[in-house]
Amino acid sequence: MRRRLIIVLLIILQTCRLAAADKPAAAVVSVAAAANLTYAIEALNLEFQAHHPGARITTTLGASGSLFAQIRHGAPYDVFLSADTQYPAELAAAGAGVSATLQTFARGRLVLWTTNPRLPMSDLKAALTSPALRKLAIAQPRSAPYGRAAQTVLEQLGLWSTLAPRLVIGENIAQAAQFVETGNADAGFVALSFVLSRRLAGRGSYLEIPAPAYPGVTLAHGAILTQHGRENVTARQYLEFLRSSAAQRILRDQGYSSPE
């Protein structure tokens with residue numbers, strides 16, 4: 001009796017092994033994305049998975065420069081989404097990215113956002129020179145393109161030196177927005193996608209900063225397949241998806257301009 005029971009258990013175990021072997025492994029795509037995509041990336045991933053049900057996407061958010069450095073040092077990301085095209089291009093030049101896959105998939109938009117009702121938001125310079133502005137949040141210009149754009153705006157207005165002592169610098173654009181949200185800064189330069197997000201929409205007021213106010217910083221968002229993801233078919237499909245009409249509609253709704 002005992003021998004029969006063991007045989008039955010062995011048959012069941014073998015059947016389970018065969019069933020597992022027949023089932024295709026989940027296609028995993030590891031995406032390193034600029035922090036300004038915090039709210040857009042979830043919608044993008046859901047849309048992609050609706051067309052690729054077997055895909056599993058893991059996302060890491062951070063400053064574009066920080067993610068670039070991680071990939072250069074071997075971080076196992078398949079796709080890199082940067083807030084500029086410079087970092088992906090450097091990745092390709094360094095042999096850590098597949099140059100043929102480099103593309104621009106969106107253009108970011110910079111805003112000055114405040115939750116302080118005493119700050120005059122009818123005019124950018126009036127807001128930045130108001131006595132009500134005690135702390136101003138920006139992302140780290142050395143590693144975040146939105147931070148570089150904010151610094152350029154202040155330099156163009158001749159306010160960089162004046163406001164430098166009052167700057168609160170976030171590691172990335174998400175942290176800069178958090179400083180404003182929590183009242184640790186009276187205003188901050190953040191991505192339009194943040195103030196339009198479900199979480200922050202309707203809170204405070206904002207002024208969009210026209211691109212000519214920060215010459216030399218395009219906020220053209222670049223995407224590239226890393227060498228780690230070179231053989232990942234689903235990762236390549238993810239890159240192609242970013243230029244699809246469905247993805248572009250999501251990005252427009254989230255406050256981005258078209259890549260052209």
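Note that the numbering runs from 1 along the sequence shown for the chain.
In terms of modelled atom types and a separation under 3.5 Å, the side chain of R166 and the main chain of L133 share a donor-acceptor contact. For S82 (side chain) and T85 (main-chain N/O), no donor-acceptor pair under 3.5 Å exists by modelled atom type. A donor-acceptor pair is defined here as one N or O able to donate and one able to accept, closer than 3.5 Å; such a pair exists between the side chain of T129 and the backbone of K125. Between the side chain of S130 and the backbone N or O of A126, no donor-acceptor pair lies under 3.5 Å. A donor-acceptor pair under 3.5 Å is formed between the side chain of Q49 and the backbone N or O of A55. Under a 3.5 Å cut-off, the side chain of T101 and the backbone N or O of L225 do form a donor-acceptor pair. Q156 places no side-chain N or O within 3.5 Å of a backbone atom of Y214 that could act as its donor or acceptor partner. For the pair H221 (side chain) and L219 (backbone), a donor-acceptor distance under 3.5 Å is present. Within the 3.5 Å criterion, the main-chain N or O of T104 finds a donor-acceptor partner in the side chain of R243. A side-chain donor-acceptor contact under 3.5 Å links D186 to the backbone of K135.
Annotation: side chain of R148 is not in contact with side chain of R142 (no heavy-atom distance under 4.5 Å). Two residues are said to be in side-chain contact when any heavy atoms from C-beta on lie closer than 4.5 Å; L44 and L242 meet this criterion.
By the 6.0 Å contact criterion, CD on Q70 is enclosed, its count of non-hydrogen atoms from other residues, nucleotides or ligands being greater than 12.
Rounding to the nearest 0.5 Å gives a distance of 14.0 Å between CZ of F189 and CH2 of W113. If you take CG on L159 and CG on L128, they are separated by 6.0 Å, rounding to the nearest 0.5 Å.
Each of F105, F48, Y77 was scored for a ring-ring contact (aromatic ring centres under 6.0 Å, His included) with Y238, with one residue passing: F48. A side chain to side chain contact (heavy atoms under 4.5 Å, CB included) with I224 is found for exactly one of L102, I71, V79, namely L102.
Aromatic rings from F194 and Y39 are positioned such that their centres are separated by under 6.0 Å.
Annotation for V233: hydrophobic cluster partners, listed by chain and number, are none (ILVMFWY side-chain heavy atoms under 4.5 Å, direct or chained).
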